[in-house]
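Have a look at the structure that comes next, please.
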Amino acid sequence: MPGLRCTSEAMIAQPFPASAWTRSKPPLLRFLDACLNEFSAETAGHVADYIPELSKADPAHFGISLATLDGHVYEVGDSRVPFTIQSMSKPFVFALALDLLGANKVESAIGVEPSGDPFNSIRLNAENHPFNPMVNAGAIACTGLIHASKGEEAFEQIRLALSRFAGRDLAFDEAVYTSESQTGDRNRAIGYLLKTNAVISDNVAGVLDVYFRQCAVLVTARDIAVMAATLANRGVNPVTGEQVLTPYAISRTLSVMTSSGMYDYAGEWIYRIGIPAKSGVGGGILAALPARLGLGSYSPKLDKHGNSLRGIKVCEALSSHYDLHMLNRSDDARNAVIADYDIGKSPSRRVRRQQERDILAAHEHAVRVIELVGVLSLSAVDYVTRRLAGQPRPQIVVFDLHRVTSTTRAGARLIAEAFEELAALDVTVVISGVRRASREWDSLREWTAELKNVRDFYLLDTAIEWAEDQIVYRYGGSIDFHETTELSEQPLLDGLDAEELTDLASICAVRTYQSGAKILSTGDPADVLFFLRSGAVHVTLPDGVRLATLTAGMAFGEMALIETTRSADVFADMAATAFEVQLKDFERFRRQHPRASERIMRNLAQLLADRLIVANTKVDILTST
Ligand code: GLN
């Protein structure tokens with residue numbers, strides 16, 4: 001099937017067939033179907049028969065399953081046919097031993113070098129230890145360590161661990177176990193060799209019994225896919241969400257799978273396919289691509305190395321078709337910055353008075369805002385720190401982490417180091433977009449807890465507003481919320497003469513609102529104009545998005561001049577007073593004072609234009625960085 005191995009050029013030359021859109025199958029499922037169809041024709045190889053019971057397997061059986069790290073499982077063919085796990089148990093038992101007994105104990109008994117030998121080789125390394133835990137000698141040693149510590153309980157512990165990887169209770173095949181137990185003298189020989197070399201302490205028969213049982217645990221291609229996906233997901237089963245074993249045990253297991261998982265074919269495997277994998281003589285292949293997916297396949301006919309022939313083909317096709325070789329990767333850290341601006345380019349939504357505006361305009365580079373997205377990795381954070389260093393030094397930096405999905409440990413460490421450096425330079429750091437008591441918050445705090453220069457606000461706009469206030473204070477401005485303003489200070493009434501203002505004042509009522517009071521509601525008739533006399537209010541959309549914060553000297557509800565119902569809510573942020581004028585009175589005033597009316601409408605147009613410019617800049621910043 002040429003489609004499986006097409007190069008990227010071919011993909012461009014042949015656009016996706018239109019008819020494909022009408023088919024309901026997701027592309028990955030169709031890919032697995034195509035593999036199943038194409039590789040069913042492959043009939044070479046032999047079903048393992050050195051364990052007599054295995055020779056009864058149906059050579060026609062062929063199942064493939066792929067599990068994604070968001071917990072979706074694709075399956076085609078005989079993906080629910082049970083077969084014995086055999087050597088695919090080895091990585092899981094090794095990982096279990098690392099967590100159960102401690103890395104020191106396991107790592108001092110079993111090596112991690114590829115042997116270049118077949119799986120059942122009776123050869124130890126120069127220290128008389130097994131080469132690695134993926135060949136029988138290493139796996140038997142591993143089971144021996146668990147047996148020495150857990151005794152009778154050893155097999156049940158192993159079965160339960162395998163079950164947690166699969167996300168369901170796994171049974172075992174009595175007939176295959178008995179069959180291997182009656183014929184497995186080669187493995188017994190390995191066991192005694194390990195005992196004379198003190199790798200196994202005692203009771204070779206007991207250890208072998210557990211080993212034969214663990215190899216006879218029944219799985220399906222689907223189980224193997226989920227188990228592989230758990231390995232690919234730092235030990236978290238993506239279907240059940242359970243952290244099965246530690247990331248240390250999982251990463252070390254994937255390491256030995258990479259170097260030795262396919263026995264004396266391991267070098268070739270990692271060279272060509274580039275995905276950590278493990279095979280079993282029962283016909284299974286497990287492939288775990290870290291951070292991407294888990295694949296399980298079942299087809300009993302094996303090649304001379306004891307690896308399933310069709311399974312190898314499936315892995316080859318998957319790797320080449322989607323270009324998944326794990327060492328063929330790149331990443332552009334610059335994608336982590338989605339926007340980078342200062343308050344001159346995009347201020348907060350706080351409507352400010354002239355004096356504050358002047359201060360902020362003179363110090364527009366003092367507050368820098370960097371909006372980040374995706375995963376904060378070592379390279380992403382490094383890029384951000386260099387980007388920051390290349391510009392005039394701000395006094396306050398706001399990092400918005402709203403769109404950040406996670407932080408790697410390396411990224412978090414570098415963030416802490418960068419914050420420390422900023423503290424030394426007297427730069428205040430403000431974080432927005434991380435909810436307190438969330439997992440992200442905890443992990444951030446783990447690294448930045450002692451840093452005094454770090455503030456946080458959940459909303460980016462609140463963070464920017466806070467930063468602006470600091471700049472206003474630093475440069476001599478004060479924000480006096482209790483100050484009382486006159487109508488003459490209202491930008492909307494700019495240019496009105498004393499007589500016009502007096503007439504307007506005569507039709508205004510002064511009202512007082514308690515902190516938190518709702519002054520306007522969306523959908524209400526728009527029939528009053530408000531001129532805020534003291535205090536502060538904020539304007540929000542019904543879904544909670546804050547549009548503006550207004551302080552004394554500013555108008556709200558002024559859209560009544562244009563609209564008939566309110567399109568936002570207004571709340572008092574603190575005790576507030578307002579001059580209020582009924583729309584019908586205001587219209588009468590405008591008829592009596594045509595010159596004032598024209599000024600007011602011109603002022604309104606100017607205020608709306610200013611708001612539009614700010615809104616456009618915000619959109620522009622996000623689409624152009
Ligand atoms: N139980 C088998 C054995 O020890 C497992 C080998 C394998 O799957 N490669 O011989």
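Ligands are counted one by one from 1 in listed order, and the atoms in each one are counted from 1 as well.
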For ligand 1, run through the N/O pairs with the protein that fall under 3.5 Å and put one pair on each line.
unit_1   : atom_1 : unit_2 : atom_2 : d
ligand 1 : 1 (N)  : Gln86  : OE1    : 2.6
ligand 1 : 1 (N)  : Glu180 : OE1    : 3.0
ligand 1 : 1 (N)  : Glu180 : OE2    : 2.8
ligand 1 : 4 (O)  : Asn136 : ND2    : 3.0
ligand 1 : 4 (O)  : Glu180 : OE2    : 3.3
ligand 1 : 4 (O)  : Asn187 : ND2    : 2.9
ligand 1 : 4 (O)  : Tyr211 : OH     : 2.7
ligand 1 : 8 (O)  : Ser87  : N      : 3.0
ligand 1 : 8 (O)  : Ser87  : OG     : 2.7
ligand 1 : 8 (O)  : Val281 : N      : 2.8
ligand 1 : 9 (N)  : Ser87  : OG     : 2.8
ligand 1 : 9 (N)  : Tyr263 : OH     : 2.9
ligand 1 : 10 (O) : Tyr50  : OH     : 2.4
ligand 1 : 10 (O) : Asn136 : ND2    : 3.4

Could you list the donor-acceptor pairs under 3.5 angstrom formed by side chains in residues 270-293, with sequence neighbours left out?
unit_1 : atom_1 : unit_2 : atom_2 : d
Arg272 : NE     : Glu268 : OE2    : 2.8
Arg272 : NH2    : Glu268 : OE2    : 3.2
Lys278 : NZ     : Gly261 : O      : 3.0
Lys278 : NZ     : Tyr263 : OH     : 2.8
Ser279 : OG     : Asn307 : OD1    : 2.5

Problem - Value rounded to 0.5 Å, distance of CZ in Phe31 from OH in Tyr74 - result: 12.5 Å
Problem - Cationic N near anionic O, under 4.0 Å, Glu75 to Arg222 - result: yes
Exercise for the section: Would you mind checking if Asp33 and Arg30 are paired as a salt bridge, meaning a charged N to carboxylate O distance below 4.0 Å? Expected result: no
Practice task
Determine which pairs satisfy salt bridge (charged side-chain N to carboxylate O under 4.0 Å, His left out) with at least one residue from residues 105-120, sequence neighbours left out, and list them in order.
Solution key: Asp117-Arg123
Exercise for the section: Could you tell me which residues satisfy side-chain contact (heavy atoms from CB on, under 4.5 Å) with Asp264, sequence neighbours excluded, listed by chain and number? Expected result: Pro118, His305
